[in-house]
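Contents: one structure, followed by commentary.
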Amino acid sequence: MLYDLTVVQFSKMLNNLSAILVKGEGFAEAKKIEMSVLLNSRLAPDQFNLTRQVQIACDTAKLAVARLTGQEDSAPKYEDNETTLAELQARIASVVDYLATFTAEDFTGAETRKITHRRWEDKYLTGRDFALEHAIPNIYFHVTTAYAILRHNGVEVGKKDYLGAMPFKS
């Protein structure tokens with residue numbers, strides 16, 4: 001189940017984020033504003049801008065899966081120096097490609113794996129708690145905030161853009 005909650009869902013949300021950013025680009029072109037204006041926008045003065053929201057969403061996805069599977073050293077590393085939409089889109093695509101290298105079998109033992117973080121001092125979370133209490137809420141927070149920054153600036157995105165395609169059955 002952790003595979004579906006992380007690899008599958010994180011990939012979907014990053015692809016949705018990519019599509020939302022494309023709508024932002026179309027908006028900027030139509031309004032004749034530089035895309036950098038949107039990329040540097042934020043909802044509050046003390047909050048990260050759109051670029052940083054995308055970077056953190058990507059980092060959350062890759063590091064969560066890497067930690068859950070005990071493969072943290074395999075996670076791609078980025079300089080966090082993206083300044084253009086093309087660079088952010090490349091980062092999203094790179095993380096989605098990285099996530100695609102994992103299988104459900106890689107998550108054997110993940111629920112009980114001890115997950116640590118430098119900010120947690122000497123404490124840890126089990127993989128299950130890490131996924132449910134930290135990683136999943138964190139990626140949704142940053143994707144939602146990126147969505148909200150674009151929406152706040154007038155980009156016509158809605159809930160369907162955020163949720164993406166649904167696996168409806170008939």
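None of these values were measured; they are calculated from a predicted model. Residue numbers run from 1 in the order of the sequence given.
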(message) Other residues, nucleotides and ligands only: do more than 12 of their heavy atoms fall within 6.0 Å of CZ on Phe48?
(response) no
(request) Using a strict 4.0 Å threshold on nitrogen-to-oxygen distance, state whether Asp4 and Lys12 make a salt bridge. (result) no
(message) Please say yes or no: joined through hydrophobic side-chain contacts below 4.5 Å, possibly via intermediate residues, are Val8 and Val95 part of one cluster?
(response) yes
(message) Over 60° means perpendicular and under 30° means parallel, so tell me whether Phe102 and Tyr98 are parallel, tilted or perpendicular.
(response) perpendicular
(message) Taking NZ in Lys159 as the centre, count heavy atoms belonging to other residues, nucleotides or ligands within less than 6.0 Å. Is the count above 12?
(response) no
(message) Taking ring-ring contact (aromatic ring centres under 6.0 Å, His included) as the definition, give me every residue that meets it alongside Phe10, ordered by chain and number, with sequence neighbours left out.
(response) none
(message) If you compare all heavy atoms of Ser11 against all heavy atoms of Val7, which two are closest, and at what distance to 0.1 Å?
(response) OG-O, 2.7 Å
(message) So, taking the atom named CG in Leu38 and the one named CE in Met35, what distance separates them when rounded to the nearest 0.5 Å?
(response) 5.0 Å
(request) Group every Ile, Leu, Val, Met, Phe, Trp and Tyr by side-chain heavy-atom contacts under 4.5 Å, then state whether Phe27 and Val37 land in the same group. (result) no
(message) For Leu14 versus Ala61, what's the shortest heavy-atom pair and its separation?
(response) CD1-CB, 3.8 Å
(request) State whether a side-chain donor-acceptor pair under 3.5 Å links Tyr3 with Thr103. (result) no
(message) How close do Leu85 and Leu39 get, counting heavy atoms only, and between which atoms?
(response) N-CD1, 3.6 Å
(request) Decide yes or no for Asp161 and Lys23: does some side-chain heavy atom of the first lie under 4.5 Å from some side-chain heavy atom of the second? (result) yes
(request) Using the rule that two of Ile, Leu, Val, Met, Phe, Trp, Tyr join whenever any of their side-chain heavy atoms come within less than 4.5 Å, decide whether Leu50 and Phe141 are in one cluster. (result) no
(message) Tell me whether Glu156 at atom CD has more than 12 heavy atoms from other residues, nucleotides or ligands lying less than 6.0 Å away.
(response) no
(request) Is it possible for you to say whether Leu21 and Leu43 belong to one hydrophobic cluster, with membership spreading through side-chain heavy-atom contacts below 4.5 Å? (result) yes
(message) Evaluate Tyr140 against Gln9 for side chain to side chain contact (heavy atoms under 4.5 Å, CB included), listing each step before the verdict.
(response) CA-CA 10 Å; Tyr140 284 118; Gln9 196 59 31; 3.0 Å; yes
(message) Minimum heavy-atom separation for Leu68 and Leu2, please, with both atom names.
(response) CD2-CD1, 4.4 Å
(message) To the nearest 0.5 Å, what is the distance between NZ on Lys77 and NZ on Lys62?
(response) 7.0 Å
(request) For atom CZ of Arg42, decide whether the heavy atoms of other residues, nucleotides or ligands shown that lie under 6.0 angstrom number more than 12. (result) yes
